[in-house]
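Here is the structure we will look at, set down as structure tokens.
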Amino acid sequence: MKIAIVGTGYVGLVSGACFSEMGVDVTCVDIDKEKIEGLQKGIIPIYEPGLKSIVLRNYDAERLHFTTDLASILNEMEIVFIAVGTPSDKDNNADLTYVMNVAETIANHMEKPLLIVTKSTVPVGTSFRVRDIIRKRLDERGLKDLRFDVASNPEFLKEGAAINDFMSPDRVVVGVETKEAEELMTKLYRPFLLNNFRVIFMDILSSEMTKYASNAMLATRISFMNDIANLCELVGADVNMVRRGMGSDSRIGRSFLYPGCGYGGSCFPKDIRAIMKVGENVGYEMKLIKAVEEVNNRQKTILFHKFNRYFGGNIKGKTVAVWGLSFKPETDDMRDAPSLTLIESLLEAEVNVRVYDPAAMHEARKKLGDSVYYANDIYDAANECDALIVPTEWKLFRMPNWSILKKIMQNHLVIDGRNIYNKQELASFGFEYMGIGMK
Ligand SMILES: NC(=O)c1ccc[n+]([C@@H]2O[C@H](COP(=O)([O-])OP(=O)(O)OC[C@H]3O[C@@H](n4cnc5c(N)ncnc54)[C@H](O)[C@@H]3O)[C@@H](O)[C@H]2O)c1
């Protein structure tokens, strides 16, 4: 089977690599010439554990190809996936410019039957807009009898665990209109789910909605726990205990109940804004989701407020180490990361900031320029600092040498945005500790 994946970002590259690993002939397409030339030389543009070896292996085996020219390969394909970005536009709608550009290219060059699958996260109805653009153009080109199908196949992979998520998904959601599209998608996904075929077929509108509803539910759990954590602090309860007590109820479950300094990343913030807009556009106010966003915006400021309160507002000229910049561990993605909210507030208050991240230093330089010191390791970051703040829970940060930190830090305050440390243990080394949701 020959397929093309248009958009070679986190989703497109991971999907392309994993499909090719199963023996499919995959061409990854991107308009970013530098990215494609890099990939043709074996340079992987993103940090994602396990991705590099799969890309190199399949590229060498000539099952995985890279091009900037969709038009030239389009008519060799059975399926084309659209996996381009759908960022927020200035009004918080999902910006569909990239998706529609791909639809235009397909419409202008298609000459054989094709299945066009939207993998990008898109508002309900987008796949039909793609279908209508293509149908209209084909008719104009005198190709009234040329058949094609559209389908929706939202992606649920998590950055940092993307390969495993794609190779062994909990489920695959596919929205289709025809039996032929269902058969083709079944053929494509069967190798991933040989023992237990967990593809859920449905209509296209429901498939598109499933993605937004899933992200909204996960974000809701996070904001819910953050609200509970803040209340715990005020009434003297310990959210870690509350979380264990709650999560043991099988109706609630343990996952996504971790309080912290807010969610970020390339998906939750923009998808939450987009689903609210989907509601607004049909006259329905998503009240709960609105509150989820408000709670998250407040939570992203919490580390700064803890630091500021500790020093009674006298923070100008202090120095802070920030460990962890990516929006979560095992990725270099800093889009909407809580670390950025923290660092912006620190810099505004004229605090010196020393940062370290195992993977996102390159991204950080693009976003923060010369405004912070880029440390070589965690100890270099903490040198002579007044406080250590941890917005992202990389494994590397979990067991630092506290004796070294005691010696090199000027003041011994740790503000833990992900509750990875133990207050008593840190006290035994002479550190003051502040977590989330503890008195
Ligand atoms: N990143 C995630 O964890 C994740 C998970 C699930 C779903 N999604 C969704 O998948 C989609 C893609 O996300 P991403 O994080 O991979 O985005 P990304 O920004 O990493 O990559 C998008 C790529 O599309 C390319 N592109 C834009 N217009 C193009 C065109 N006309 N032709 C070819 N390439 C084009 C860009 O150059 C870029 O390389 C989004 O809708 C996102 O919401 C992302």
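In listed order, ligands and their atoms are each counted from 1. Computed from heavy atoms alone, side chains included, the values below leave out hydrogens, waters and symmetry copies.
Residue-to-ligand polar distances keep V102 apart from ligand 1: every N/O pair is separated by 3.5 Å or more. In terms of N/O distances under 3.5 Å, ligand 1 is approached by D30. Note: no N/O pair closer than 3.5 Å links K211 and ligand 1 by distance alone. Residue contacts with ligand 1: N101 is placed with no nitrogen or oxygen under 3.5 Å of a nitrogen or oxygen of the ligand (distance criterion only).
Residue-ligand proximity, Y98 to ligand 1, at heavy-atom distances under 4.0 Å covers atoms 27 (C), 28 (N). Close approach of ligand 1 to K270 is summarised as follows: ligand atoms under 4.0 Å from at least one heavy atom of the residue are 42 (C), 43 (O).
The nearest heavy-atom contact from the protein to atom 5 (C) of ligand 1 is L157 O, 3.6 Å. Nearest protein heavy-atom neighbour of atom 8 (N) of ligand 1: V11 CG2, 3.5 Å. Ranking protein heavy atoms by distance to atom 1 (N) of ligand 1, first place goes to E159 OE2, 2.7 Å.
The residue among V84, D271, N215 with a heavy atom at the shortest distance from atom 12 (C) of ligand 1 is V84.
Checked against a 6.0 Å centroid threshold, the rings of Y379 and Y356 do not count as neighbours. You'll find the ring centres of F19 and Y189 inside the 6.0 Å limit.
Within the model, atoms CG of L13 and CD1 of I44 stand 6.0 Å from one another, a figure rounded to the nearest 0.5 Å.
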